Amino acid sequence: MSEKALYKINVRTLAEYLFLDGNLGSMAPAGKSAQSGMKAHKKMQDRGIEGYLAEVELVYLFPGERLDLEISGRADGIYEKDGLIHIEEIKSTRREVSELRPEEYPAHAAQLGIYGWLYCLDRHLERISLDLIYVHRRSQQQRIFSAVKTLADLEESYGPVVQAFLSWQDRQEGYRQDLRTELSVFGF
């Protein structure tokens with residue numbers, strides 16, 4: 001039997017695919033706005049927090065029957081404070097940060113939650129602080145939404161949807177394998 005296939009997906013893409021809702025138009029950078037968004041990220045990442053790690057790569061492999069699902073991405077920031085790991089997801093916006101509510105952008109919270117879940121799985125942590133930070137591009141005002149979550153909370157929130165996505169991809173791989181077998185009969 002041949003080696004299993006590997007399906008790779010980025011955390012952000014997965015979160016947007018599984019949890020996209022609402023209008024992200026005012027959040028999405030373009031042109032000069034992209035540059036100001038990058039500056040906002042950099043400024044938040046350079047706040048002088050001891051032990052702060054920016055752009056931390058996270059990768060986790062979920063095994064399937066016919067293929068494995070690799071979920072990866074870069075957390076904007078990770079640091080430890082008072083014995084608790086904090087993971088940050090920084091989003092820049094043109095909207096007034098005082099008007100923002102995380103429930104308006106479920107993909108943002110999902111992206112952060114998946115990062116937290118992957119980090120907990122990889123590091124065998126039982127709890128983590130998820131910090132969703134909105135930064136106004138011009139004024140640099142910020143609003144932070146923090147929540148401490150347990151591994152069980154994150155598993156409950158993201159495990160079933162990731163498992164469903166893996167199962168769907170696994171079925172697709174089964175169809176592809178069947179098609180390759182059928183086509184090989186005809187010399188393809």
Side-chain angles (χ1 to χ4, degrees), residues 1-21 24 27-28 37-38 41-42 44-45 49-92 102-103 105-134 144-177:
M1 178 159 200
S2 65
E3 193 174 306
K4 283 197 286 185
L6 180 63
Y7 186 90
K8 296 181 179 185
I9 192 165
N10 180 278
V11 171
R12 181 177 178 170
T13 303
L14 181 65
E16 288 175 350
Y17 178 75
L18 296 174
F19 297 95
L20 187 60
D21 192 19
L24 297 179
M27 301 298 289
M38 287 185 288
H41 265 73
K42 184 74 173 140
M44 291 302 299
Q45 291 170 330
I49 296 173
E50 187 176 330
Y52 190 93
L53 301 171
E55 303 300 327
V56 177
E57 185 173 6
L58 300 172
V59 179
Y60 202 84
L61 191 69
F62 295 89
E65 185 180 329
R66 294 176 208 75
L67 64 72
D68 293 332
L69 174 64
E70 180 183 281
I71 302 176
S72 65
R74 291 188 179 274
D76 288 333
I78 298 178
Y79 64 95
E80 184 178 344
K81 181 179 178 185
D82 300 327
L84 184 63
I85 298 293
H86 291 253
I87 292 190
E88 295 182 337
E89 179 58 30
I90 303 165
K91 298 293 186 187
S92 62
E103 53 274 7
Y105 306 102
H108 294 172
Q111 182 180 357
L112 176 59
I114 293 170
Y115 285 141
W117 182 43
L118 299 181
Y119 195 84
C120 285
L121 287 171
D122 188 56
R123 304 293 199 295
H124 307 287
L125 297 177
E126 287 302 315
R127 65 188 194 112
I128 197 161
S129 180
L130 304 177
D131 304 334
L132 181 56
I133 304 171
Y134 289 106
I144 302 173
F145 297 92
S146 294
V148 175
K149 299 288 186 177
T150 65
L151 175 58
D153 294 335
L154 297 168
E155 183 71 37
E156 183 179 319
S157 295
Y158 304 108
V161 292
V162 167
Q163 187 57 50
F165 184 79
L166 171 57
S167 294
W168 178 65
Q169 289 298 330
D170 209 62
R171 284 191 306 277
Q172 297 301 313
E173 181 60 22
Y175 300 143
R176 286 187 291 271
Q177 288 174 1

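For reference, positions follow the sequence shown, starting with 1. Note that this is a predicted model, so its numbers are computed, not measured.
- Residues Gln111 and Leu132 have side chains not in contact (no heavy-atom distance under 4.5 Å, counting atoms from C-beta outward).
- The CG atom of Leu6 lies 6.5 Å from the CG atom of Asp68; values are rounded to the nearest 0.5 Å.
- Distance check: Asp76 CG to Leu53 CG gives 12.5 Å after rounding to the nearest 0.5 Å.
- Proximity of a side-chain donor or acceptor of Asp170 to a complementary backbone N or O of Leu67 within less than 3.5 Å is detected.
- The heavy-atom pair separating Tyr60 from Asp122 by the smallest distance is CE1-N, 4.0 Å.
- The shortest distance between side-chain heavy atoms of Leu125 and Leu151 does not fall below 4.5 Å.
- Pairing each heavy atom of Val59 with each of Glu57, the nearest pair is CG2-OE2, 3.8 Å.
- Of all heavy-atom pairs between Leu154 and Gly116, the closest is CD1-C, 3.8 Å.
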Please step through side-chain contact (heavy atoms from CB on, under 4.5 Å) for the pair Phe145 and Leu112, ending with a clear verdict.
CA-CA 11 Å; Phe145 297 92; Leu112 176 59; over 6 Å; no
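- The two atoms that bring Ile87 and Ala75 nearest to each other are CG2-CB, 4.1 Å, heavy atoms only.
- A distance of 4.5 Å separates CD1 of Ile71 from CZ of Phe62, quoted to the nearest 0.5 Å.
- Distance check, rounded to the nearest 0.5 Å: NZ of Lys91 to OH of Tyr105 gives 11.5 Å.
- Lys81 places no side-chain N or O within donor-acceptor distance of the main-chain N or O of His86, the cut-off being under 3.5 Å.
- Other residues, nucleotides and ligands contribute more than 12 heavy atoms inside 6.0 Å of the CD atom of Gln172.
- Across Ala110 and Phe19, no two heavy atoms sit closer than the pair CB-CD1, 3.3 Å.
- Shortest non-hydrogen contact noted between Asn10 and Arg12 is OD1-N, 2.8 Å.
- Taking the six-membered ring where tryptophan is involved, the planes of Trp117 and Tyr158 are tilted, since the angle between them lies from 30° to 60°.
- Between Tyr79 and Asp131, some side-chain heavy-atom pair lies under the 4.5 Å cut-off.
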Is there a side-chain contact (heavy atoms from CB on, under 4.5 Å) between Arg66 and Arg176? Walk through the geometry before answering.
CA-CA 10 Å; Arg66 294 176 208 75; Arg176 286 187 291 271; over 6 Å; no
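- Counting only distance, with no hydrogens or angles, the side chain of Glu89 and the backbone of Ala109 share no donor-acceptor pair below 3.5 Å.
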With side-chain contact (heavy atoms from CB on, under 4.5 Å) as the test, would you mind laying out the steps for Glu173 and Tyr7 before giving the verdict?
CA-CA 9 Å; Glu173 181 60 22; Tyr7 186 90; over 6 Å; no
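- A donor-acceptor contact closer than 3.5 angstrom links the side chains of Tyr52 and Glu88.
- Expressed to the nearest 0.5 Å, how far CG of Leu118 lies from CZ of Arg123 amounts to 10.5 Å.
- Leu14 has its side chain out of reach of Val161: every pair of non-hydrogen atoms, C-beta onward, lies at least 4.5 Å apart.
- Counting heavy atoms from C-beta outward, Leu58 and Val11 have side chains that stay 4.5 Å or more apart.
- Taking OG1 from Thr150 and CD1 from Ile128, the interatomic distance works out to 11.0 Å, rounded to the nearest 0.5 Å.
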Report the C-alpha distance between Leu121 and Glu155 in whole Å, list the side-chain angles of each, state the deciding distance to 0.1 Å, and finish with yes or no for side-chain contact (heavy atoms from CB on, under 4.5 Å).
CA-CA 9 Å; Leu121 287 171; Glu155 183 71 37; 4.3 Å; yes
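- Using cut-offs of 30° and 60° on the angle between ring planes, the pair Trp168 and Phe165 is tilted.
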